[in-house]
*Asks:* 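If you scroll down you'll find the structure; I have some questions about it.
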Amino acid sequence: MPREHRPPEEWRFTNALMRQAILAIGEVMGERGLKVVLRQAGLARYVDELPPNDLEQGVVTTEYATLNQAVEEFYGRAGKGMLQRIGRATFRYGVEEQGTLMGVAGTALKLMPQKTRIKFILTQMAKSLMEVNDETDIAVQETPEGFVFTDYTCGVCCCREADRPICYLYIGSISEAVKWAAGQDYEVREIECRAMGADACRFLVVEST
Ligand SMILES: [Zn+2]
């Protein structure tokens with residue numbers, strides 16, 4: 001069951017996660033591209049100084065959404081793929097931050113069946129995102145089609161409207177997480193998006209045949 005939330009305009013976002021997103025954008029787009037999209041998103045204050053690497057809720061979530069939108073608009077049709085690459089990079093930064101824990105988990109995972117590995121990483125991802133922000137509300141379910149990762153408080157599309165799912169960065173992060181845990185690529189599809197009026201963004205990890 002979803003928790004009660006404040007209106008999305010008031011949602012707050014964790015400094016360290018914004019920092020990882022900005023580092024990932026720099027990695028994929030280069031410094032010059034990063035500067036352009038930060039300015040475009042009204043976030044010029046991060047050009048010279050990244051958000052601190054701490055767990056304070058120092059960012060307004062709509063700023064994170066606007067940053068995603070700025071990258072998408074910068075690239076046009078290629079935006080989707082670029083944002084997925086950026087999402088993959090953010091997951092790798094996350095692994096570096098929690099190096100020891102992830103190293104131990106990674107070794108243990110190698111002995112487990114694929115399905116268990118995928119379930120482990122999705123559950124772990126949901127848990128750590130909810131730990132750093134009291135308001136974040138994520139559920140992981142197993143369905144006949146595959147695992148579904150449901151975020152009722154998705155920041156990528158916060159206060160945005162669209163006629164198609166737009167949380168490409170999130171698709172990238174989940175794809176990279178699953179690849180890390182399972183040792184191979186799985187298809188991740190966003191099957192519902194808050195920007196289209198859904199109550200949550202839902203990501204299906206498609207079972208391989
Ligand atoms: Zn979303």
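Both ligands and their constituent atoms are indexed starting at 1 by order of listing. Since the model is a prediction, treat every value here as computed from it, not as a measurement.
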*Asks:* Could you tell me whether a side-chain N or O of Thr153 sits under 3.5 Å from a main-chain N or O of Asp137, the two making a donor and an acceptor?
*Replies:* yes
*Asks:* Are Val178 and Phe149 side-chain neighbours, meaning at least one heavy-atom pair lies under 4.5 Å?
*Replies:* no
*Asks:* Do any of the N/O/S atoms of Cys201, backbone or side chain, fall under 2.8 Å from the Zn ion (ligand 1)?
*Replies:* yes
*Asks:* Counting backbone and side chain alike, does Cys158 bring an N/O/S atom below 2.8 Å of the Zn ion (ligand 1)?
*Replies:* no
*Asks:* Show, in sequence, the C-alpha distance, side-chain angles and deciding distance for Arg45 and Glu63, and conclude whether the salt bridge (charged side-chain N to carboxylate O under 4.0 Å, His left out) test is met.
*Replies:* CA-CA 12 Å; Arg45 66 179 185 280; Glu63 294 179 318; 2.9 Å; yes
*Asks:* Round to 10° and report the angle made at the Zn ion (ligand 1) by SG of Cys167 and SG of Cys157.
*Replies:* 110°
*Asks:* Looking at every heavy atom in both Tyr152 and Ala200, which two are closest together, and how far apart are they?
*Replies:* CD2-CB, 3.6 Å
